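Read through the structure below, which is laid out as structure tokens, and then see the notes.
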Amino acid sequence: MIPTLPAGLTCLPRTWEGAGLRHLKNFWLSSMELFRCASTQVTSLRTCCWTSRQLFCDFGEDFTVQDPTEAEPLMAAIQHISQGSPGILTLREEADAHRFNSGDLVTFSGIEGMVELNGCAPRPLHVQRDGTLEIGDTTTFSRYLRGGAVTEVKRPKTVSHEPLDTALLQPRVVAQSPQEVHRAHCLHQAFHALHKFQQLHGRPPKPWDPVDAEMVVDLAQALESLKGTEGEPLEEQLDKALVRTVALSSAGGLSPMAAVLGAVAAQEVLKAVSKKFMPLDQWLYFDALDCLPEDEEPFPNPEDYAPRDCRYDGQIAVFGAGFQEKLSHQHYLLVGAGAIGCELLKGFALVGLGAGGSGGVTVADMDHVERSNLSRQFLFRPQDFGRPKAEVAAEAAHRLNSDLQVTPLTYQLDLTTEHIYGDNFFSSVDGVAAALDSFQARRYVAARCTHYLKPLLEAGTKGTLGSACVFIPHVTEDYRAPASAAASEDASYPVCTVRHFPSTTEHTLQWARDEFEGLFRLSAETINCHQQAFTSLAHLDESQVLTLQQVVLGVLRERPQTWQDCVLWALGQWQLCFHYGITQLLSRFPPDKVLEDGTLFWSGPKQCPRPLEFDASQDTHLLYVLAAASLYAQMHGLPGSRDQTAFRRLLKLLPLPDPQDLAPIFASDLELASAYAEFGPEQSKKLHEALEIWTVGPPLEPLTFEKDDDFHVDFVAAAASLRAQNYGIPPADRTKTKQIVGRITPAIATTTAAVAGLVGLELYKVVGSPRPRSAFRHSYLNLAENYFSRWVPHAPAIQEFHHWKWTCWDRLEVPAGQPERTLESLLAHVQKLNGLRVRMLLHGKALLYSAGWSPEKQDQHLSRRVTDLVLEVTRQVPEPGQRVLVLELSYEGEKEDVTFPPLHYKL
């Protein structure tokens with residue numbers, strides 16, 4: 001049915017004036033239907049095909065995009081700026097000058113000396129061969145002293161769109177290749193023909209009706225030829241088979257398709273309102289005809305696709321009632337109930353996955369609902385704070401579809417829970433969907449799927465970037481985490497660099513995070529432990545003594561009794577970290593210190609710091625002391641205060657702590673060892689006296705960093721910013737601090753919905769198996785830059801050794817037998833299977849057999865039953881319900897780069 005406009009709305013003006021939507025034209029979205037009007041005439045479009053979808057955008061003739069891309073403006077720390085024409089800017093060693101391009105506009109901040117550049121109008125730069133940057137005339141500026149950052153200024157772009165009547169005949173389509181352009185043009189004509197069919201007959205084509213389909217093809221052939229952007233006729237052949245397939249499946253309704261196109265449409269609305277990111281130019285066509293079986297009869301039995309007066313009729317019209325029945329009896333494991341996990345579970349409920357008698361979905365997630373989840377995890381509500389995500393998501397999904405059988409599990413999937421997610425569990429699972437936020441977790445879940453030969457559906461997002469992948473046993477490659485992403489996830493910084501020689505924003509954030517841990521968690525845990533078991537210092541090792549000395553004498557010198565005590569402690573901590581500590585470091589390593597080879601100690605990535613002077617009028621200074629005092633009070637069970645006016649008055653009354661009372665700063669492990677060497681009877685007595693204070697009174701409350709706690713984030717953000725000021729490093733703002741320190745992956749609802757929809761489309765193919773590799777698709781999208789790519793997964797790589805060939809999905813399966821076979825029998829059986837002599841046999845890290853052993857030792861092992869030998873060597877009893885022992889083999893003459901299939905010893 002062609003939709004009508006809402007009552008009272010006769011026309012949408014070409015320019016909307018209200019609510020900040022001045023340049024948002026032609027959108028009236030209702031149930032995935034799209035309206036657009038020009039002048040006083042209303043033209044309506046209905047995206048009536050559910051295996052193919054269209055989206056049209058018209059942002060007007062002169063729409064300005066203020067921020068075309070999602071990428072953050074480039075920022076780099078400055079090493080030096082010369083006075084001259086042109087002035088030459090040298091970046092610090094760790095900065096990547098190649099990220100800037102000649103012609104980029106930049107501005108500056110935080111520079112000392114050449115302050116004329118701070119906040120200046122955008123200047124063009126020129127990148128020289130040696131990586132330095134020409135930034136224009138600086139001859140009359142003050143001499144550069146230190147610090148500062150250069151920041152890219154993004155250039156706005158202007159978009160000009162054609163109105164609908166023009167765009168219908170001269171379509172500008174979003175496509176990544178000439179082949180995609182041709183396919184989009186054919187889909188454009190197919191949709192036009194579908195609209196004409198509906199106008200002629202008052203209904204869409206019947207499901208899988210060959211007569212109606214041929215009528216649509218005839219209508220498409222009779223349409224006026226499309227034109228190019230210059231008005232020239234396009235000499236393109238209409239793909240009649242494509243149009244026919246679109247017509248045959250056009251009457252159905254697929255929720256994953258609605259999720260994908262609805263997400264893209266929503267992102268376009270946001271672009272129109274915010275002027276952020278480039279809009280579609282102008283037609284987007286997306287089809288999932290690859291979901292249809294390739295070997296199906298051209299015209300299946302219409303009765304199987306007829307409506308059943310149920311919620312799945314739209315899906316049945318595409319795939320048939322038999323497929324719907326099969327879908328309902330599937331049992332899937334969903335790992336992760338975060339943003340993507342919630343969308344996937346919602347999608348499962350809508351398509352009816354596991355909604356039959358023997359079907360179901362198991363949701364595994366160990367996390368609990370937090371406040372920040374509500375912006376992107378739509379199955380959660382404020383009243384769910386603190387509850388397990390898996391349980392809340394399961395209840396919400398059941399409300400969406402009361403037939404859906406959802407089982408929540410609050411145990412994470414890792415090595416420690418293989419007794420829960422073991423052989424019995426996976427034997428009842430048909431497939432796995434992974435919605436995880438770390439590559440380490442993804443690798444583990446993927447390894448489990450490879451082990452149990454289960455299909456894996458996997459999705460991930462980062463802002464407007466999204467991906468969805470499918471991995472099918474023996475059909476596609478297995479999961480491989482991107483090397484660069486996995487490496488960055490596991491990256492760490494040298495301790496000495498973070499403590500004393502930071503050179504990047506990330507270094508300052510890591511230092512601030514470590515400060516939080518040391519001050520508010522580790523210190524409390526140390527004191528609590530000492531309270532519970534007060535022991536002589538003679539029983540403590542070197543590291544324990546130094547920990548107690550640093551904690552008790554350096555931080556918790558005495559128990560605070562009032563809020564003012566906590567503020568005084570926080571003020572002292574500020575002095576220790578940002579003034580006295582830096583002064584002491586410079587006394588050991590003066591600014592002009594020269595190394596034996598004649599180079600300056602403070603050179604290259606080592607930036608010479610400067611001490612700060614406390615100033616309560618500066619917001620960052622105030623924020624640090626307020627946050628630190630509040631956390632310190634919480635740790636001691638004391639009431640705090642959020643009154644900043646009263647807090648400023650209090651600071652004026654408090655004296656700055658005497659440097660004599662502040663903790664020692666150890667610049668290196670050598671100095672720590674030296675401090676321990678100087679720890680004699682006098683120091684021991686002093687430490688004992690201090691510790692006695694803590695034997696009386698309640699235990700302290702160790703604080704665990706929470707990214708949703710304002711004081712936690714305030715402390716880390718302020719500490720990192722002050723540390724950056726010490727070393728002349730560009731500071732991170734609060735949002736970036738929370739994202740990095742809280743390890744938050746940027747997530748928005750549009751991208752999340754899109755990738756969940758893409759996973760849903762692959763689910764259709766997995767359930768409708770067996771399907772060839774050509775049917776499956778990996779997908780990648782960038783909603784900010786209108787990039788959409790789908791491609792066929794690679795086949796699994798074939799490895800070869802002598803006459804033997806295998807892939808990652810293969811294994812040797814050997815039954816234990818009754819009575820159970822011996823090791824000698826097992827090795828003989830393996831040799832019979834592949835004609836190779838076993839050189840070594842392992843279970844995990846335990847060596848069960850080696851050809852290099854003495855004959856006596858070999859005989860001792862060869863005569864044992866395999867399970868008895870494993871128990872003796874590993875001291876581990878098989879878990880109840882364990883069906884397989886996984887053994888690793890190496891063979892005589894093998895090469896180093898060969899990974900042989902595992903041996904599954906079936907118990």
Side-chain angles (χ1 to χ4, degrees), residues 502 508-509 511-524 550-551 553-584 609-663 665 700-703 705-706 709-727 729 731-734 737-738 741:
T508 64
L509 289 171
W511 175 86
R513 184 70 170 79
D514 293 345
E515 279 288 288
F516 181 98
E517 289 294 304
L519 294 174
F520 307 117
R521 184 178 69 83
L522 295 177
S523 59
Q550 185 75 25
V551 168
L553 301 183
V555 180
L556 308 178
R557 196 171 299 275
E558 58 184 28
R559 278 185 181 270
Q561 303 299 319
T562 65
W563 167 241
Q564 181 171 318
D565 290 343
C566 297
V567 175
L568 188 61
W569 172 87
L571 194 58
Q573 196 63 31
W574 191 102
Q575 283 290 108
L576 172 64
C577 293
F578 310 113
H579 179 82
Y580 176 67
I582 299 298
T583 302
Q584 193 175 26
R610 62 160 189 174
L612 303 181
E613 299 294 336
F614 182 76
D615 183 354
S617 65
Q618 294 194 31
D619 290 340
T620 308
H621 295 211
L622 181 76
L623 182 62
Y624 176 92
V625 178
L626 177 59
S630 299
L631 295 172
Y632 192 65
Q634 181 182 347
M635 189 171 68
H636 286 274
L638 297 173
S641 172
R642 293 177 180 268
D643 188 338
Q644 292 199 16
T645 302
F647 188 72
R648 288 182 189 274
R649 290 198 301 267
L650 177 59
L651 285 179
K652 292 180 180 178
L653 302 176
L654 297 177
L656 290 178
D658 191 318
Q660 297 278 342
D661 296 331
L662 299 178
I665 297 295
L700 305 184
E701 179 188 350
L703 304 182
F705 181 81
E706 295 287 349
D709 189 297
D710 288 340
F711 276 137
H712 291 203
V713 177
D714 286 345
F715 174 84
V716 173
S721 180
L722 292 166
R723 191 69 165 176
Q725 292 179 39
N726 278 138
Y727 286 86
I729 298 170
D733 59 25
R734 193 180 189 278
T737 296
K738 184 174 181 178
V741 178

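Quantities reported herein were computed from a predicted structural model and do not represent experimental measurements.
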I'd like to know if the side chain of His621 reaches the main chain of Asp615, judged simply by a donor and an acceptor atom lying under 3.5 Å from each other, with no hydrogens or angles considered. yes
With no hydrogens and no angle check, is any side-chain donor or acceptor of His712 less than 3.5 Å from a backbone partner on Glu706? yes
In short, Pro655 meets Leu568 closest at the heavy-atom pair O-CD1, 3.8 Å
Residues that Thr645 engages under side chain to side chain donor-acceptor pair (under 3.5 Å), provided they are two or more places apart: none
Is there a ring pair (Phe, Tyr, Trp, His ring centres under 6.0 Å) between Phe578 and Tyr624? Walk through the geometry before answering. CA-CA 11 Å; Phe578 310 113; Tyr624 176 92; 5.2 Å; yes
To the nearest 0.5 Å, atom CG of Asp619 lies from atom OG of Ser721 at 10.5 Å
Pairwise side-chain contact, Asp565 with Thr562, heavy-atom cut-off 4.5 Å (strictly under): yes
Salt bridge Arg521-Asp514, side-chain N to carboxylate O under 4.0 Å: no
Using the ring pair (Phe, Tyr, Trp, His ring centres under 6.0 Å) definition, which of the options Phe520, Phe516, Trp569 pairs with Tyr632? Trp569
Taking side chain as C-beta onward, heavy atoms only, is Tyr727 less than 4.5 Å from Thr508? no
Distance col, row Phe711:CZ vs Asp714:CG, nearest 0.5 angstrom, shows 7.0 Å
Are side-chain heavy atoms of Ile582 and Arg723 found at a separation under 4.5 Å? yes
Heavy-atom closest pair (Thr583 atom, Pro611 atom, distance to 0.1 Å) is OG1-CB, 3.7 Å
Quick one: does any side-chain atom of Asn726 pair with a main-chain N or O of Arg610 as donor and acceptor, under 3.5 Å? yes
State, with a plain yes or no, whether a side-chain heavy atom of Trp563 is found less than 4.5 Å away from one of Cys566. yes
Quick check for you: to the nearest 0.5 Å, what is the distance between Arg648 atom CZ and Leu622 atom CG? 4.5 Å
Could you give the distance from CG (Leu638) to CD (Gln564), rounded to the nearest 0.5 Å? 12.5 Å
Has His579 got a side-chain atom pairing as donor or acceptor with Leu612's backbone, closer than 3.5 angstrom? yes
Within a strict 4.5 Å, meaning less than it, do heavy atoms of the Glu515 and Phe715 side chains meet? yes
With side chains defined as the heavy atoms from C-beta onward, is the minimum distance between Val567 and Leu651 less than 4.5 Å? yes
Could you report the tightest heavy-atom contact between Ala719 and Ala512, atom names first, then the distance? CB-CB, 3.8 Å
Residue list, salt bridge (charged side-chain N to carboxylate O under 4.0 Å, His left out) with Asp643, at least two apart or on another chain: none
Under the side chain to side chain contact (heavy atoms under 4.5 Å, CB included) criterion, do Gln634 and Ser630 qualify, and how do the steps go? CA-CA 6 Å; Gln634 181 182 347; Ser630 299; over 6 Å; no
Pairwise distance CG(Leu626) to OG(Ser641) - rounded to 0.5 angstrom: 7.5 Å
Work out which heavy atom in Ala720 is nearest to a heavy atom in Leu509; give both atom names and the distance. CB-CD2, 3.6 Å
Looking at every heavy atom in both Trp574 and Leu722, which two are closest together, and how far apart are they? NE1-CD1, 3.3 Å
